[in-house]
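This report refers to the structure that appears directly beneath it.
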Amino acid sequence: MFGKRIKIKELLLSDNVNYQATVMGWVRTFRNNQFIALNDGSTNNNIQVVVSLGSLDDITLKRITTGACIKATGEIIASLGKGQKVELNASSIEILGDSDAEKFPLQPKKHSLEFLREIAHLRFRTNTFGAIFRVRHSLAFAIHDFFNKKGFVYLHTPIITASDAEGAGEMFKVTTLPLDGTAPRNEDGSINFKDDFFGRNTNLTVSGQLEGELAAMAFSDIYTFGPTFRAENSNTTRHLAEFWMIEPEMAFHDLEDNMNLAEEFIKYIIRYAMENNREDLEFLSQRLEEEEKQKPQNERSELGLIQKLDFVVNNDFERITYTEAIDILKECSHNKKKKFNYLIDKWGIDLQSEHERYLVEKHFKKPVILTNYPKEIKAFYMRQNDDGKTVAAMDILAPGIGEIVGGSQREERFDKLTERMKEMHIPTEELDWYLDTRRFGACPHAGFGLGFERIVQFVTGMGNIRDVIPFPRYPKSASF
RNA sequence: UCCUCCUUAGCUCAGUUGGUUAGAGCAUCUGACUGUUAAUCAGAGGGUCGCCCGUUCAAGUCGGGCAGGGGGAGCCA
């Protein structure tokens, strides 16, 4: 049996000393030919492995380099130095994997996030990315935990879909037809998919919502949590071509129920990370603080990362309607002084990110839930309000990130839904299976979608979404 | 896709009005030292200045194009 070792997290958690232990991990630094800072990914903290002078031959000593993988056995003792409570006094050290110091790109120094993105396969071995991906794990776990406790069914919606009418964005095509121009064609010149693998045009999913609604009409409460694909040419710090999305769908919920659940959900998963990843968040908080010091005073955020999360968890989100938001924006001095690139003049326009940021970061200084948008700027499936102008939509806007959740009460009335689909040129025949939910036992229901990487960004304080997913996919980039 | 900035050693960056042999810190290698905390000290190696074209007696430096990257915008989660 090889794996008989103690994880560094467990070892550091206890103050016990004077016992034999074996640790395995990767060398972060090797100081003084004597002190190894060893990390195994279980925690951001390293165990100090002490090699007593003359106890190792020179050849082995030379192989203890940054990045090398080693197994160390010895006695855990109270540290003779400052900076750590306990350390391992090595009686034997075995090199499990060498790491050529001249070639290993990670050095015991600060690297830029841009450089680390180019070596994403190795960046897990840094403090920052170790912390990020442990937090990401905790958030993912907390999501399942939250819904499971509430009796939701975890639904796996298809990744390959035949419908391209979801309207959520450009889609990636899925096909086994040849790309050399010899694919079969219809008379009008378009590709004939009859002989394609699925016998029809298929794409990667942009949302599992429509399928989620089908299941909610049987289980009452379901959620999806899986990868989603958008072929948009988006080059920003908050968009990916492949990202993970959480989409709960609840029967017997109206817009208010929906908002309540979304707010409770966000607070739950943040709280979970704060309770289970304290050290990682403290590290990330410190990292952010140092990054902020580079910025001019007026651009720095008022709260530190942990303070910000504390605040979000302990305060109610602000809830206002689209109409109220327009009034606030129209009357604010920022608008009157013409400081917006897009000035707010009339009801009905879509809010730009500068407006959302103003509301969240300047006006309310907390997460904001915006409701009841004009129907013209929202999707076909959102429930029409009695005013004939708005739909029961809600977006949750978070400081620094912008839109983090988009949701709505769904239009359960068959006639209203099909009418709206026709107005918006959504082919009803292609979504006939979806309309069956309205034909057979329809009920008021609601749901929302939450971009997983966006919440990971929010909790870790990372500015670029490409740094919170292990191997980011975006235009012109699909390495690893 | 649009706007804008950037690209010089393995990494982070200096490099003056265009002018002789392009620098620093860290990393790496060699040696010294040994209870260090990104150890310290001494020495050494390391460059097609992103690529192509142009202006000029002369280009890391000026102009154009291309590529890659950052930030912002749009689309959205």
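Letters A, B, ... are given to chains in the order of the sequence lines, protein chains preceding strands, and every chain is numbered from 1. The structure displayed is predicted, hence computed values, not measured ones.
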Touch class at under 4.0 angstrom, heavy-atom based, for A:Ile404 against every strand present: sugar-phosphate

Consecutive Watson-Crick or G-U pairs in runs of at least 3, all under 3.5 Å, in which RNA chain B is involved: B:1-7 with B:67-73, B:10-13 with B:23-26, B:28-32 with B:40-44, B:50-54 with B:62-66

Under 3.5 Å donor-acceptor pair, A:His111 side-chain atoms to B:C11 base atoms: no

Base B:U37 to side chain A:Asn32, donor-acceptor N/O within 3.5 Å cut-off: no

No-H, no-angle donor-acceptor pair, A:Ser234 side chain to B:C76 base, under 3.5 Å: no

Sugar-phosphate only, base, or nothing, as touched by A:Asn235 at under 4.0 Å among non-hydrogen atoms: base

is_close_aromatic(A:His355, A:Phe340), centroid dist under 6.0 Å: yes

Side-chain N,O (A:Arg31) to OP1/OP2 (B:U36) below 4.0 Å: no

Touch class at under 4.0 angstrom, heavy-atom based, for A:Thr236 against every strand present: base

Geometric class of the A:Phe471/A:Phe480 ring pair [parallel <30°, tilted 30-60°, perpendicular >60°]: tilted

Which nucleotide in B:G70, B:U36, B:G10 has an atom nearest any side-chain atom of A:Arg466: B:G70

Touch class at under 4.0 angstrom, heavy-atom based, for A:Arg357 against every strand present: nothing

Sugar-phosphate only, base, or nothing, as touched by A:Phe243 at under 4.0 Å among non-hydrogen atoms: base

Sugar-phosphate only, base, or nothing, as touched by A:Thr228 at under 4.0 Å among non-hydrogen atoms: nothing

Phosphate OP1/OP2 of B:U37 contacted by A:Gln84 side-chain N/O (<4.0 Å): no

Touch class at under 4.0 angstrom, heavy-atom based, for A:Glu118 against every strand present: nothing

Pair A:Phe452 and A:Phe225, ring centroids less than 6.0 Å apart: yes

List the atom pairs, donor and acceptor, that lie under 3.5 Å between side-chain atoms in residues 131-141 of chain A and the rest of the protein, sequence neighbours left out.
| from | atom 1 | to | atom 2 | distance (Å) |
| --- | --- | --- | --- | --- |
| A:Arg134 | NE | A:Asp280 | OD1 | 3.3 |
| A:Arg134 | NE | A:Asp280 | OD2 | 3.1 |
| A:Arg134 | NH1 | A:Gly41 | O | 2.7 |
| A:Arg134 | NH2 | A:Asn44 | OD1 | 2.7 |
| A:Arg134 | NH2 | A:Asp280 | OD1 | 3.1 |
| A:Arg136 | NH1 | A:Glu453 | OE2 | 3.0 |
| A:Arg136 | NH1 | A:Val468 | O | 2.9 |
| A:Arg136 | NH2 | A:Glu453 | OE2 | 3.0 |
| A:Ser138 | OG | A:Asn277 | OD1 | 2.6 |

